[in-house]
Amino acid sequence: MEPQVCLKRKREPSPTPESSKQVKETESHRVPESDHRSGSRPPLLSLPFDRLQEPVTLKDLTELLQFAALGNTGGLKQPSWCRLHHQKKVSGVSVILLEGLSQAHFYRHYLHFKHLRTKYTSRHSYTPSPGNVISGIFSSEVVNNSPADALGDQESAQPEGGLQWHPVIRKFGLETRGLTGYLLTQEEMIKKHFPVRGMPGSEGFVCTDSDDCVTDSSPLYGLDCEMCLTERGNELTRISLVDSRGSCVLDELVKPPNRILNYLTQFSGITRAILQPITTTLREVQSKLKKVLPRDAVLVGHSLENDLSALNLIHPHVIDTSLLYRREFGQRFKLKVLAETVLKKQIQTEERKGHDPTEDAQAALELAQYFIHTGPRQVVELYCEELWGGSPTMYQPPVNRATSTHKHNNNSSLRFAEALKSSGQSAVFIGKRADNTLDLSNQQWHSSDREVLSSFKRGLESHSFSVVQLSSFSDHLKAMISTDQHYHTMSQRLREMCVVFAGPLPSDYTERDVRRLFSSCGNVRAVRLLNATQRVHAEVEFELLEGAVLAVEMLNGTLLHSGHIVKVQRPVKESTLDLDVFLSSLQDDPLNANIIYAAGLKANAKTAQFAAKVNGTGLNANAAAEVNGSGLNANIAALPAKANHSGLLEKVNGTFLNAKAKLAEANEPGLHAKAKFAKLAELSAEVNGTLLKAKTMLAEIAAEANVVARLHAKTAGLCEEDLREAFGQYGTVQGVILPAKHSGKQKRRRHAFLKFDSPDTVDAVLSSPVELWDRKVSTCRALTPPHLCSWVTMMMTGSDRETLDESSQETGREEQEVACVMRKLDRRVGKLFRSLPDNTLSIVLLPGHSSHGDGLCFLEVKQGSAALRDHAHNLMLPA
């Protein structure tokens with residue numbers, strides 16, 4: 001085991017104005033100076049309104065978690081995307097992971113998530129992480145910005161060269177040991193998810209009759225198991241045990257007690273026909289194992305924790321070959337790769353259907369025996385290039401250890417789990433056993449969400465940092481016949497809420513005409529003409545719920561030029577029966593407080609004028625008319641650079657110089673009157689010609705400027721300054737969210753969300769006939785939370801929709817089952833939240849899925865009601 005290192009951190013100096021720059025916030029949303037001086041202020045989260053549409057990533061999340069747990073004393077800065085005020089008052093951090101859920105699940109079953117939508121005032125879209133979220137949190141790197149001596153004045157003296165930094169050598173050293181030198185300690189077994197006596201998740205497991213200690217001469221036994229997927233997860237179907245000579249002493253097929261969902265034949269080789277006549281139970285196999293194994297036996301396997309878990313067996317003396325031939329960052333070699341490289345054996349070949357557990361057990365045993373006999377140094381020197389991809393000299397001192405040298409770098413880094421331990425904080429993970437490795441000693445595994453909740457409440461006061469995994473919905477998804485069908489059906493249910501039907505329409509109406517009619521209510525995503533009816537109707541799908549609401553309110557009963565009276569209505573389907581309740585709840589959502597939706601917007605006239613000046617032209621058609629003989633020189637001199645580049649100014653100035661010279665000649669004394677008249681006529685013709693050319697060139701420049709202005713006005717749409725100016729007459733506009741510019745058909749931004757300072761201001765806007773630059777603006781209370789860009793972001797394409805309509809959809813029974821799971825999850829989240837101490841940062845994460853849409857992240861600092869009343873007004877909580 002590696003020695004524990006205590007980090008001594010120096011007190012941070014007072015920040016300079018440059019170093020204290022944080023997330024951009026408006027003046028009205030900054031924390032008053034008195035708040036910083038007051039010791040009674042509770043911790044609070046704040047976020048700029050215009051930042052809410054940017055999704056949160058795992059990196060963003062770990063930034064917040066690290067700062068909340070370690071703070072300035074850990075040399076950390078505020079997160080780059082939000083502000084956590086009064087971090088020193090944070091009493092703890094709790095992360096709840098709702099495995100298998102996505103953003104679409106939350107809004108599809110929005111009414112069932114009463115606790116999630118009311119207790120958490122900050123909600124953000126979450127970009128799914130390709131790796132495991134829990135592992136990503138604990139293994140994230142914590143960069144310490146304190147001086148190097150904050151880690152202590154002692155530096156570890158390490159031998160020079162690269163060999164000692166190889167992961168195998170760092171763990172086992174250079175010297176050859178006996179087998180006891182490679183046994184996993186109890187702490188390592190807990191970290192790697194082995195069943196351990198007395199640990200949560202191992203209740204009901206059988207313990208072998210083993211001695212408390214073993215020696216270097218104790219016998220080795222190779223073990224390997226095959227599993228299948230049942231209603232309760234992975235269960236044992238075959239076990240193989242070989243002795244130290246490689247002889248098979250036990251090879252049994254086992255009948256799982258629960259219904260089998262997948263035999264995993266490609267891995268296990270087990271089929272329905274093979275298991276059908278088998279009657280051997282798990283308990284019988286456990287009894288046989290206890291009889292076969294000597295009291296000082298050492299079990300050897302590859303990722304052995306999975307085999308022991310399938311056996312429901314606890315054995316304290318184990319060697320895991322995946323941890324002998326170890327890699328960086330918790331990665332593991334496959335048994336097949338090690339056998340081929342080290343033993344020169346081919347196992348798990350493609351010709352064979354499934355794995356042979358006896359063969360795998362023998363391979364693991366031989367790999368362990370070879371490693372023990374040869375020693376770590378020689379193993380690394382012989383196979384470094386083949387297995388680890390380079391020579392030993394390529395390895396450098398690890399930057400995530402406090403024992404590494406800091407001669408050339410003032411910043412040091414640790415893994416988050418190590419930093420928590422070094423700072424004296426207790427961290428725990430409570431959830432379901434997983435295949436991923438966590439670098440955390442305190443892990444508690446349970447088989448149900450109810451057990452997880454009970455375990456969390458019992459140990460609440462013992463841990464300042466906790467990650468709780470609720471996996472009941474993930475288990476429910478695995479039991480479904482078709483998860484794709486589930487996601488498609490859910491997506492269609494959400495899409496149906498953004499759809500309206502309109503008609504009757506003129507027979508010559510096109511999709512473009514329909515889009516133009518309904519675009520005053522919001523961005524139209526799709527239009528479909530329904531010609532199967534006797535009269536022409538249209539199905540209109542909006543990007544946002546507000547568009548559909550305004551279409552029904554404003555366009556229903558509209559009289560078209562053709563004389564048709566259009567009826568606009570929502571589809572009547574099972575998913576829309578409770579739509580009024582759903583919309584009412586969205587209006588009352590804390591995230592939508594004091595926010596309105598405005599549609600039918602266009603660019604300000606001043607925007608067009610500004611566009612005309614962008615290229616430095618600033619001219620109009622009348623400019624040419626101002627050119628006259630008396631003011632010619634002044635007008636030409638005032639021309640911008642764009643006009644000058646044509647040579648107009650030089651040409652006119654040359655003409656004037658020439659005219660002056662000719663006038664001087666004409667006025668010379670003694671010149672005959674006829675000759676003087678001829679010179680003046682020549683001069684007049686030359687000046688008039690130049691003036692004519694100047695007028696023509698000025699007209700061309702003005703026309704070009706106007707074209708540019710019209711183009712810019714057409715594509716620019718509205719800007720935040722225009723909206724603040726137009727709506728500011730009703731009250732203070734605290735924030736504006738404009739939709740992102742689209743590259744497709746929708747090039748102009750015609751809607752926006754505006755956050756006001758009070759409900760009275762919102763009422764004033766909604767009760768007034770708002771006109772923006774001589775055009776009526778449609779407004780309503782916001783229904784779409786600020787973090788959502790579109791209700792149909794995860795929706796299917798048209799072809800997918802048609803395919804779904806023709807296929808079988810989720811039955812009512814299946815939807816009721818999903819709704820029941822959602823209600824239970826929400827109740828458990830509510831119980832977890834209520835059990836947290838005040839001033840605890842609570843985060844609930846719906847991780848989402850890369851192929852099924854974004855996740856969702858909820859954030860809240862739990863506070864007492866008095867603290868909320870006294871301090872909530874000081875910050876803009878993104879609620």
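Computed from heavy atoms alone, side chains included, the values below leave out hydrogens, waters and symmetry copies.
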Measure the shortest side-chain to side-chain distance between [X] and [Y] over non-hydrogen atoms and say whether it is less than 4.5 angstrom.
X      : Y      : value
Leu832 : Leu836 : no
Ser842 : Leu859 : no
His849 : Pro128 : no

Mind telling me whether His751 and Phe753 have parallel, tilted or perpendicular rings, with 30° and 60° as the class edges?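 Judged by the thresholds at 30° and 60°, the geometry between Phe753 and His751 is perpendicular.
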For ring pair (Phe, Tyr, Trp, His ring centres under 6.0 Å), just list the numbers for Phe416 and Phe465, CA-CA rounded to whole Å, side-chain angles, deciding distance to a tenth of an Å, and then say yes or no. CA-CA 11 Å; Phe416 188 29; Phe465 189 97; 5.2 Å; yes
SB check Lys192 Glu305 (cutoff 4.0 Å):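 Salt bridge between Lys192 and Glu305, a charged N being under 4.0 Å from a carboxylate O: no.
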Heavy atoms only: give me the nearest [X]-[Y] pair and the separation to one decimal.
X      : Y      : value
Glu187 : Lys421 : OE2-NZ, 3.7 Å
Met227 : Asn306 : CE-O, 4.1 Å
Phe456 : Ile430 : CA-CD1, 3.7 Å
Pro837 : Lys862 : O-CD, 3.9 Å

On the ring face of Tyr110, is Arg117 found with NZ or CZ under 6.0 Å from the centre and within 45° of the axis?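 Relative to the ring axis of Tyr110, which defines the angle, Arg117 lies inside both limits.
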Apply side-chain hydrogen bond (donor to acceptor under 3.5 Å, both in side chains) to Thr57 and list each qualifying residue two or more places apart in sequence or on a separate chain.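 Thr57 satisfies side-chain hydrogen bond (donor to acceptor under 3.5 Å, both in side chains) with Asp60 once adjacent residues are dropped.
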So, using side-chain hydrogen bond (donor to acceptor under 3.5 Å, both in side chains) as the criterion, who are the partners of Ser91 when residues are at least two apart?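 Only Thr840 meet the side-chain hydrogen bond (donor to acceptor under 3.5 Å, both in side chains) criterion with Ser91.
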Are Tyr107 and Phe113 close enough, and set up right, to give a ring pair (Phe, Tyr, Trp, His ring centres under 6.0 Å), and what steps lead you there? CA-CA 9 Å; Tyr107 286 108; Phe113 286 106; 9.5 Å; no
